[in-house]
Number of protein chains: 2
Amino acid sequence: MSAVKIIIADASMPSAVGLRDLLTTVSGYVVEAIVGNGKELLAHMANRPCDLVLMEVSMPVMDGIDTMRAMHQLHPKVVVLAVTKLHAVEYINSMLIEGATGYFLKSGTQDELLLAVRAVLRGERYLSPAAQESVDKGYAHTSKDPSGPYVGLTSREREIIRLVALEYTNDEIAAALFISADTVKTHRRSLMSKLNVRSAAGLVKYAVDREWI
Amino acid sequence: MSAVKIIIADASMPSAVGLRDLLTTVSGYVVEAIVGNGKELLAHMANRPCDLVLMEVSMPVMDGIDTMRAMHQLHPKVVVLAVTKLHAVEYINSMLIEGATGYFLKSGTQDELLLAVRAVLRGERYLSPAAQESVDKGYAHTSKDPSGPYVGLTSREREIIRLVALEYTNDEIAAALFISADTVKTHRRSLMSKLNVRSAAGLVKYAVDREWI
DNA sequence: CTCACAATACCCACAAATGGTGATTTTTCA
DNA sequence: TGAAAAATCACCATTTGTGGGTATTGTGAG
């Protein structure tokens, strides 16, 4: 049987190199390419198919969540293992709902990574222990259903949350986008509601994690 | 002449592995250990000396900036190359002021990393192109003097900024720390002044980058 | 034994964000 | 084309944060 073709999507060079080296110590795996963001990944996959993608959630230009959603449409059969430092429930849920098979935390060991890779290649769901814990806790405390539909943000909401994270006031955002300050407030309210946060601090963290700033 | 002894301080396993593998392809370098945070680094160095440390700025428990300051006291001769994704001026300046010799951005190439390592081992300052740009811009726009003294935060201020990032209101922070809400406001003001930010959003980003949340 | 600084607290005024409700227009897509 | 979703705006009231100044106490470094 032929080797498993793998693509690594991670903007951090040392991290991508590390993942590649770990995989190439195992026979049967071939790392076909390393890409720096979701756009590059989709461009590469357009003509060169692969079996598995190790995908960092936090990437510039096009992050893991958006990429996952696009992948699910374009390449439904490609297995994806999320490999990231982000441990909050919302990202785990988002990735799984969008179609990732596993979620590996970069704080884990080398052996764990290989376990995770083997599991997802068998089609099994894999979650790092800390990720699993995070999901359980999140479920109990916030009553967010991990199997529920992913609540996406609209493009306007993304513009707004980005400017909030850049320390703009509502008036400044309104001026920048040529809309009323009241409209900005409305957007902020639906953002806070969708992301289930209490204040701007929550919005800022979300935007930072997604590399929208 | 003997091999250069290197320690890698990075909580991200793939990243640490990647750095180790890149260095071990070059003869004359020996990676003595990989540690996950500043505390572990100092503990390791207490009895086992080394020549060079590759240090991620963003680490749990004890981050790169605090670690750098301690290193400067305890092991003044050990050369440190910061290796991180953080590209904002404040972190570059902080690390350099605290004694780092170089600052390498993880978006750089493998060749650049080796260049950086060779440069700092010669005792030369190295800055990734994007980091240099960030310093120049920061200097021009904010009139922050990169050669000025590093303004540290007090322990109380660190508690406060952490709770701000955790979406606590001033009243909640006051209740949690058993102090007056007015005192919290005073602390926030000096925080914003020291970190040169306009709103809570700036505080949140700082706390997140330093892994204080 | 000072002197600087950290931590505490209060005053006032104003700016900004949050929360609720309702509504209109435009866009998108089935 | 018709319903749903997105984007827009306007009120309201209330809470929260920002910005200025001032002052006291304790503590640690020189």
Side-chain angles (χ1 to χ4, degrees), chain A residues 66 69-70 72-74 97 142 148-208 212-213, chain B residues 66 69-70 72-73 142 148-208 212-213:
Chain A
D66 286 337
R69 157 161 293 192
H72 206 55
Q73 296 292 323
L74 301 169
I97 289 165
T142 70
Y150 167 63
V151 198
L153 304 185
T154 68
S155 58
R156 202 48 153 178
E157 284 168 347
R158 290 181 186 222
E159 295 185 85
I160 307 260
I161 196 176
R162 192 173 156 272
L163 295 177
V164 169
L166 287 174
E167 303 185 55
Y168 283 53
T169 65
N170 285 342
D171 285 342
E172 290 168 343
I173 296 173
L177 301 181
F178 305 105
I179 56 178
S180 149
D182 285 311
T183 305
V184 177
K185 290 178 192 172
T186 303
H187 284 304
R188 282 182 82 134
R189 249 176 306 150
S190 33
L191 278 167
M192 294 177 64
S193 162
K194 280 184 179 179
L195 299 179
N196 196 220
V197 298
R198 304 176 60 202
S199 69
L203 299 183
V204 173
K205 283 188 283 181
Y206 191 84
V208 168
W212 287 346
I213 43 135
Chain B
D66 287 337
R69 155 161 294 192
H72 205 55
Q73 297 291 322
T142 70
Y150 168 63
V151 197
L153 304 185
T154 69
S155 59
R156 203 50 154 174
E157 286 168 345
R158 290 180 185 222
E159 295 184 85
I160 306 261
I161 196 176
R162 191 172 157 275
L163 295 178
V164 169
L166 288 174
E167 305 185 54
Y168 283 54
T169 66
N170 285 341
D171 285 342
E172 289 169 343
I173 296 173
L177 301 182
F178 304 106
I179 56 179
S180 147
D182 286 311
T183 306
V184 177
K185 289 179 191 173
T186 304
H187 284 305
R188 282 181 81 134
R189 252 183 304 161
S190 34
L191 277 166
M192 293 178 66
S193 162
K194 280 183 178 179
L195 299 178
N196 196 219
V197 298
R198 306 176 58 201
S199 68
L203 300 182
V204 173
K205 282 188 284 182
Y206 191 84
V208 169
W212 286 347
I213 43 135

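First the proteins, then the strands, lettered A, B, ... as listed; each starts at 1.
In this model, the phosphate group of D:dA7 is approached by a side-chain N or O of A:Ser155 to a distance below 4.0 Å at OP1 or OP2. Listed pair A:Ser180 / D:dT8 fails the phosphate criterion, with no side-chain N or O lying under 4.0 Å from OP1 or OP2. Contact annotation: B:Arg198 does not reach the phosphate of D:dT18 (side-chain N/O to OP1 or OP2, under 4.0 Å).
The separation between A:Lys194 atom NZ and D:dA7 atom C1' is 11 Å, rounded to whole Å. The distance from atom CD1 of A:Ile161 to atom P of D:dA7 is 14 Å, rounded to the nearest whole Å. Atom CG in B:Asp182 sits roughly 14 Å away from atom P in D:dT18 (whole-Å rounding). Atom NZ in A:Lys185 sits roughly 16 Å away from atom P in D:dT15 (whole-Å rounding). Straight-line distance from the NE2 atom of A:His187 to the C1' atom of D:dA6: 8 Å, rounded to whole Å. In this structure, CG of A:Leu153 is placed 10 Å from P of D:dA7, rounded to the nearest angstrom. Nucleotide D:dG20 holds its P atom 16 Å from the CZ atom of B:Arg188, rounded to whole Å.
Distance alone, capped at 3.5 Å, places no donor-acceptor pair between the B:Lys194 side chain and the B:Leu153 backbone. With A:Lys205 contributing its side chain and B:Ala165 its backbone, the two residues share a donor-acceptor pair below 3.5 Å.
Among the atoms of the strands shown, none is found under 4.0 Å from any heavy atom of A:Ala181. Residue-level contact check: B:Thr183 touches the bases, meaning some heavy atom is under 4.0 Å from a base atom. Within the 4.0 angstrom heavy-atom criterion, only backbone atoms of the sugar-phosphate kind lie near A:Ser199; the bases stay farther away.
Once you apply a 4.0 Å limit to the heavy atoms of chain A, the touched nucleotides of DNA chain C run 5' to 3' over C:dA17 to C:dT21.
Using a 4.0 Å cut-off between charged side-chain N and carboxylate O, B:Arg188 and B:Glu157 make no salt bridge. Ionic pairing of B:Glu159 and B:Arg162 is not present here: no N-O contact between side-chain nitrogen and carboxylate oxygen is shorter than 4.0 angstrom. Salt bridge status for B:Asp66 with B:Arg158: present, with a side-chain N to carboxylate O gap under 4.0 Å.
Put simply, the side chain of A:Leu177 does not reach to within 4.5 Å of the side chain of A:Val184, judged on heavy atoms. Put simply, the side chain of A:Leu163 does not reach to within 4.5 Å of the side chain of A:Glu172, judged on heavy atoms. Side-chain contact between A:Tyr168 and A:Ile160 is absent, with no heavy-atom pair separated by less than 4.5 Å. Inter-residue side-chain proximity for A:His187 and A:Ile161 is flagged as unmet; no heavy-atom pair is nearer than 4.5 Å.
Here D:dT18 is the nucleotide among D:dA6, D:dT18, D:dA10 with the atom lying nearest to any side-chain atom of B:Met192.
Residues from residues 166-179 of chain A placing a heavy atom under 4.0 Å of any atom in DNA chain C, listed by number, are A:Thr169, A:Asn170.
Remark: the B:Arg189 side chain and the D:dG21 base include a donor-acceptor N/O pair separated by less than 3.5 Å.
Nearest heavy-atom pair across B:Glu167 and A:Ala201 is CG-CB, 3.9 Å.
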